[in-house]
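Just so we're on the same page: letters track the sequence lines, and every chain starts at 1. Every value quoted in this text rests on a predicted model; they were computed, and no experiment measured them.
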Amino acid sequence: MGVALRSYQEINEKIKKGKVVVVTAEEVIELVDKKGIEKTAREVDVVTTGTFGAMCSSGAMINTGHTKPRMKISEAYLNGVMAYGGLAAVDLYIGATQVAKDDPLNKIYPGEFKYGGGHVIQDLVAGKDILLEAYGYGTDEYPRKKLITWINIKDLNQAYLFNPRNAYQNYNVAVNCSDKIIYTYLGVLLPHLGNAGFSSAGQLSPLLNDPHYRIIGVGTKIFLGGGVGYVAWQGTQHDPGVERNDKGIPKGGAGTLAVIGDMKGMDPNWLWGLSVRGYGCSLAVGLGVPIPILDEETLQYCAVRDQDIEAPIIDYSNAYPNGTGEVLGYVNYAELRSGKIYHSGKEIPTSPISSYSRAREICSILKKWIQDGNFTLTQPTLTLPNTESEVRFRNLAERPFNNNVNGVRR
Amino acid sequence: MISTKKVVLHFPREAVERPVVCDLALRFGLTFNILRASISPHHEGLMVLEIIGENTKNEEGLKYLQEKGVEIQPLSQDIKKDDQRCIDCGSCLGVCPTSALYMDKKSYRVIFEESKCIACELCVLACPTRAMEALF
């Protein structure tokens, strides 16, 4: 860290007094252009960042309360979508990509995936009644075997989001080099580089404003789904070692966040169930992180612009599914957001999957919460693994099962 | 005055059997461009047509089709964007062949310009919130 400009405590005192200076990750760029880093760093206390996009590794933990007689749920469905019951008696976890049990999936290709875990989460948060169908095998203390009932978030003991991987720091740009249309989580991709799908809020995205994880860490209080949440841990596949450009920005998917937050304070407008054609169900999550300007370096990173952030173009008809690692080239987010990119002499229209206007709105809402004294900042209790750490993303090294390994017989 | 009009023709089962669209050219001297068609014997059919010709001839031609049992709908009513469901992600943009769907460069909201739409329905496939709907 460079010369300290302010502490969390000082910022929180200013928030309480209504004297805090907050700008969004977009506004700060203009300020830095006008006044320079040094002056802006002295004036601005907090920069708000945000993102709103499909985040498949999301889910909700709920506790329904006990029935009479008691029941240990081993199999459960919420509006026909399977929830994981391999926890204590009436604890359930529903994942965003779980598809309704009667869905034809990709048997009718490309599947529509009309309703899944993401939709259940949105409906729960919207306060709609959800049908719970549950089965147990019956034990001495949990004799009940079957339950069908309506439930509502207001009656649940706990309902909290626990998303193992959100807010990916940068992501792939997907294209299709084959001669057939393909359906991916980065959208419908037309043949012969007909279009390109990308998914990042770029200059607004939390981890792209803190590329070395100097500020965001375990315990950081955040905007999550329209309510309040916290960074719980490094996200799954957190990969600080990805190649970086001269500004320190990773040139592909790198850091991720595991986040947690009370669904009872959330808003269905910021948690949106998705039906991604041919791929499956998911959840669009709204997530915003305040970055305290503790020193000039922090601000320098917050002044990142779309043109400084590059993303790899990857062929989702071959390189991605087969994991070849081949990168066709790099483009920056200013190009991506302009509506078209150029590759091998071809003009390719682009489709974002992450909503820039909504990311911008999240930055503004979080700014207002802080200005109005309704949201204070928390100092992380643990930093996320950075480039110096041992944490690296690895593919699975398969070890074939030979029917008789270490005495295990099947 | 020459005008261009995009319409959706719904053919009831009876009308599918008769050659009527070619009469637009033969009887009324109209030029037409078939943007989309799904017509098979013994089934209801659908055709998206761009008709180019004199205003009066255009109207006469469409009236003729109606007399032959074809239902006519202006194209702009057939693909709808539900703004309540749109999250402005932009998944539809890159697949739209006519840029009827585009991103406003200031607000970054997705705009649907109905007059440019040729009802290819790629946006319906691409939209993850089912905000784009085909009402054929």
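The structure places CD1 of B:Ile87 at 4.5 Å from CZ of A:Phe52, a figure rounded to the nearest 0.5 Å.
Of all heavy-atom pairs between B:Ala126 and A:Val188, the closest is CA-CG2, 3.6 Å. Across all non-hydrogen atoms, the minimal contact from A:Val276 to B:Pro128 is CG2-CB, 4.4 Å. Contact detail for B:Gly94 and A:Asn195: the closest heavy-atom pair is O-CB, 3.4 Å.
Residue-environment remark: NZ (B:Lys116) exceeds the threshold of 12 foreign heavy atoms within 6.0 Å. Residue B:Lys81 places its NZ atom among more than 12 non-hydrogen atoms of other residues, nucleotides or ligands, all under 6.0 Å distant. In B:Gln84, the CD atom is not crowded: 12 or fewer heavy atoms of neighbouring residues, nucleotides or ligands sit closer than 6.0 Å. Atom NZ of A:Lys368 sits in a sparse spot, with 12 or fewer heavy atoms from other residues, nucleotides or ligands closer than 6.0 Å. When the shell of 6.0 Å around CG of B:Leu26 is examined, it contains more than 12 heavy atoms from other residues, nucleotides or ligands. The 12-atom threshold is not exceeded at CD of A:Glu30, counting heavy atoms of other residues, nucleotides or ligands nearer than 6.0 Å. Residue B:Arg109 places its CZ atom among 12 or fewer non-hydrogen atoms of other residues, nucleotides or ligands, all under 6.0 Å distant.
Residue A:Arg360 touches chain B through its side chain alone, counting heavy-atom pairs closer than 4.5 Å. Contact annotation for A:Ile181: only side-chain heavy atoms (C-beta onward) come within less than 4.5 Å of a heavy atom of chain B. In this structure, chain A has a heavy atom under 4.5 Å from the backbone of B:Cys127, while its side chain stays farther away.
Counting heavy-atom pairs closer than 4.5 Å to chain A, the top residue among B:Leu93, B:Val95, B:Leu122 is B:Val95. Comparing A:Ser357, A:Pro349, A:Ser282, A:Ala196 by heavy-atom pairs within less than 4.5 Å of chain B, the highest count is held by A:Ser357. Of all the listed residues (A:Leu190, A:Leu186, A:Asn269), the one sharing the greatest number of non-hydrogen pairs under 4.5 Å with chain B is A:Leu190. When A:Ala359, A:Ser275, A:Ser338 are compared by the number of non-hydrogen pairs under 4.5 Å with chain B, A:Ser275 comes out ahead.
Applying a 4.5 Å heavy-atom cutoff, the residues of residues 101-108 of chain B that approach chain A are B:Met103, B:Lys105, B:Lys106, B:Ser107, B:Tyr108. Of all residues in residues 111-123 of chain A, those placing a non-hydrogen atom less than 4.5 angstrom from a non-hydrogen atom of chain B are A:Lys114, A:His119.
By the 4.5 Å heavy-atom criterion applied to side chains, B:Leu125 and A:Tyr183 are counted as neighbours.
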Requested in this report: Please step through side chain to side chain contact (heavy atoms under 4.5 Å, CB included) for the pair B:Ser91 and A:Ile353, ending with a clear verdict.
Outcome: CA-CA 5 Å; B:Ser91 304; A:Ile353 307 302; 3.5 Å; yes
